[in-house]
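A short worksheet on the structure shown next.
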Amino acid sequence: MDKPVRVRYAPSPTGFPHVGNIRTALFNWLFARHTGGKFIVRIEDTDTARTVPGSLEAIIGSLRWLGLDWDEGPEVGGPYGPYMQSQRLPIYQKLAEQLIAAGFAYRCFCTSERLDNMRAAQTAAKLPLGYDRHCRDLSTDERNKLEASGAPSIIRFKTPLTGRTVFQDMLRGEVAFENSGIDDYVLLKTDGFPVYHLANVIDDHLMEISHVLRAEEWLSSTPKHVMLYAALKFEAPQFAHMPLILGPDRSKLSKRHGAATLTEYRDQGYLQETMLNFLALLGWSLDDKNEIFNRQQLIDIFSLERVSRTAGIFNKDKLDWLNGMYIRTLPVEDLTDRLLPFMEKDLPAEIKRPLDINYVRQLVPLIRERIITLKDAAAYADFFFLDQLEYDSAKLIGKKMTEETTLKALKGAENKLSSLASFNTASLEDTLRHLADDLGIKTGELFNPLRVATTARDAAPPLFETMAVLGKERCLKRIIAALTKLAGN
RNA sequence: GGCCCCAUCGUCUAGUGGCCUAGGACACUGGCCCUUCACGCCGGCGACUCGGGUUCGAAUCCCGAUGGGGUCACCA
């Protein structure tokens, strides 16, 4: 009874895809993989004026980064191609003509100037906006004359003036629109390119798409599509309109909400696993206790029935938390490999490249629970690499300490450590705890100045581990530098 | 403004008539752990938009209001 599942992601290369866009791609992909159906990518490049260079690459790159593989589409081909609408123009043109012949569409010769004036008048009179159907009832004579004159024309759909158009939405149930509220919308432009509605309906049919899963912003144009399917004698697919993703101001997420594109998140150091998991949770949930899912789990458990109907705000705090979660669970080797390119790029220029991967691997366990993105690492771990640490000498002197006692503490540490044979976490802890005892100060009063001396900061990874990674030579050099700084006061 | 969709903590959500004095997560916050920061652990704050029905019983069903969003291009 049911046709095989074939779903599509049909972006247009008019901008870099933002998270909402990719979320819809993800839901399509999950639905296909869950049901054993096909996932098709089709590029809707019918708006030549708005095409943004590089956006097609960004779309493809985003899908690949997330691991959303497609069965048919650009780069992989398929039996229903071409998958670029700009390469399918004759198909749309032929069917548009066919619609005219069958009485479902008509040629319109109105100039954009006339349309602008018409809209201005409608706005001024507070009338509903829409085409006044000037060319709908042209006499055969008038029409022939205009056609003969070679005046540019477009093709419009002849929307029924009465009646209602009803369809089922898988998430929302029955949705109905009065035809009287629907415009004689454009099917084919002057330049011979189709408008979305025409190309989309034709291709979904020719590519045998079974389910149209798209964002809610399309809900109100669905009756146009339903009428088109009927006029073309095509069977309509099933529709399901996904909830919108809103920016913090509650409006539809867009460029003006800041870093909204997927590539930006990648460049900011969010993990692919994080984004996949997070995007899945944007408008879908399993239950009240599970929310960490890997790719295979998502495929196994995804279902359209559990997609929400309510638009939701993109929760950046939660994204950060999730990314931290994934970073903490990544094996050290894996995390190191992912961190390396970010550190190579972001660490201060004076640090020698390439970085020593073994050294980085040692420090990764020390920073992994302190960073929330891969990009954080460079700023957090720079002291592991720097030759000269920059900090205010006053920072060395702790709350209850004086310059004198601090000097004594650092001097004592230098003494003990220079004669320390094995320089590891355990020996350092043992030595330094005893030193604090001997000096008659609290451990913290010794450790804090040491931390500043060796890391230049007062919030750093655990001291002994850090010093062990830095190594004896570097630590002593830094303690001496701190001593010099204090003496110079 | 017309049309359409939606409505549970600040945010994301669980909940499909009794399991709900409404559960979880993020954020916020108190504490513990502790050499700092972070992680982790324990606790707290915090919501069914309102008004009518239906029902023995409503967050759950119906109606209305209100609120929010989307859409009204030779853009998708």
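All chains are named by letter (A, B, ...) in the order of the sequence lines, taking the proteins before the strands, and each is independently numbered beginning at 1.
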Task: Proximal nucleotide (of B:G15, B:C5, B:A73) relative to the A:L219 side chain - done: B:C5
- [ ] Assign A:D317 to base, sugar-phosphate, or nothing according to its heavy-atom contacts below 4.0 angstrom with the strands shown.
- [x] sugar-phosphate
Open item on the list: Looking at A:S220 and B:C3, is any side-chain donor or acceptor paired with a base atom of the opposite kind under 3.5 Å?
Closed with: no
Task: A:F314 CZ to B:U11 P, straight-line distance once rounded to whole Å - done: 16 Å
TODO: Assign the ring pair A:F278 / A:F314 to parallel, tilted or perpendicular, where the plane angle (0 to 90°) is split at 30° and 60°.
DONE: perpendicular
- [ ] Write down the distance between CH2 (A:W218) and P (B:C75), rounded to a whole number of angstrom.
- [x] 12 Å
TODO: Have a look at A:K252 and say if it touches a base, only the backbone sugar-phosphate, or nothing, with a 4.0 Å heavy-atom cut-off.
DONE: sugar-phosphate
Task: Qualifying residue for side chain to side chain contact (heavy atoms under 4.5 Å, CB included) with A:F464, from A:L432, A:T431, A:D430 - done: A:L432
Open item on the list: Considering every strand and a 4.0 Å limit on heavy-atom distances, what is the contact class for A:R368: base, sugar-phosphate, or nothing?
Closed with: nothing
Open item on the list: Please verify the inter-ring angle class for A:H225 with A:W218; under 30° counts as parallel, over 60° as perpendicular, anything in between as tilted.
Closed with: tilted
TODO: Under a 3.5 Å limit for both distances, which nucleotide forms a Watson-Crick or G-U wobble pair with B:C9, could you say?
DONE: none
TODO: Find the distance A:I154:CD1 to B:C74:C1' and express it as a whole number of Å.
DONE: 5 Å
Open item on the list: When both hydrogen-bonding distances must be under 3.5 Å and the geometry is Watson-Crick or G-U wobble, what is B:C74 paired with, if anything?
Closed with: none
- [ ] Report the nucleotide, chosen from B:G69, B:C26, B:C4, that has the shortest atom-to-atom distance to any side-chain atom of A:W321.
- [x] B:C26
Task: NZ/NE/NH1/NH2 to OD/OE distance under 4.0 Å, A:D116 and A:R119 - done: yes
Task: Nearest-angstrom distance from the residue atom CZ of A:R164 to P of B:C3 - done: 13 Å
Task: Selection from B:U71, B:C26, B:A73 that lies nearest to any side-chain heavy atom of A:E217 - done: B:U71
TODO: Send over the distance from A:L187 CG to B:C75 C1', rounded to a whole Å.
DONE: 15 Å
- [ ] Could you check which of B:C39, B:C5, B:C74 has an atom nearest any side-chain atom of A:E216?
- [x] B:C5
Open item on the list: Students often get this wrong, so: under 4.0 angstrom with heavy atoms, is A:S221 touching a base, only sugar-phosphate, or nothing?
Closed with: nothing
Open item on the list: Between C1' on B:U71 and CZ on A:R172, what's the gap in Å once rounded to a whole number?
Closed with: 13 Å
- [ ] Grab the CG-C1' distance between A:L115 and B:C72 for me, whole Å please.
- [x] 15 Å
Open item on the list: So, under a plain 3.5 Å distance rule, would you say the side chain of A:R370 forms a donor-acceptor pair with the base of B:C37?
Closed with: yes
- [ ] Can you tell me the pairing partner of B:A27 across any strand shown, Watson-Crick or G-U wobble, with both distances under 3.5 angstrom?
- [x] none
- [ ] Check the distance between B:C75's C1' and A:Y185's OH and give it to me in whole angstrom.
- [x] 15 Å
Open item on the list: So for atom NZ, which belongs to A:K408, do other residues, nucleotides or ligands contribute more than 12 heavy atoms lying within a distance under 6.0 Å?
Closed with: no
Open item on the list: What contact category does A:R214 fall into here, base, sugar-phosphate, or nothing, at under 4.0 angstrom with non-hydrogen atoms?
Closed with: nothing
Task: SB check A:K158 A:D184 (cutoff 4.0 Å) - done: no
- [ ] Describe the nucleic acid contact of A:R328 in one word from base, sugar-phosphate, nothing, applying a heavy-atom distance below 4.0 Å.
- [x] sugar-phosphate
TODO: Identify which nucleotide among B:A73, B:G68, B:C4 has an atom closest to any side-chain atom of A:R50, counting heavy atoms from C-beta outward.
DONE: B:A73
Task: From B:A76, B:U71, B:C74, nucleotide with atom closest to A:T190 side chain - done: B:C74
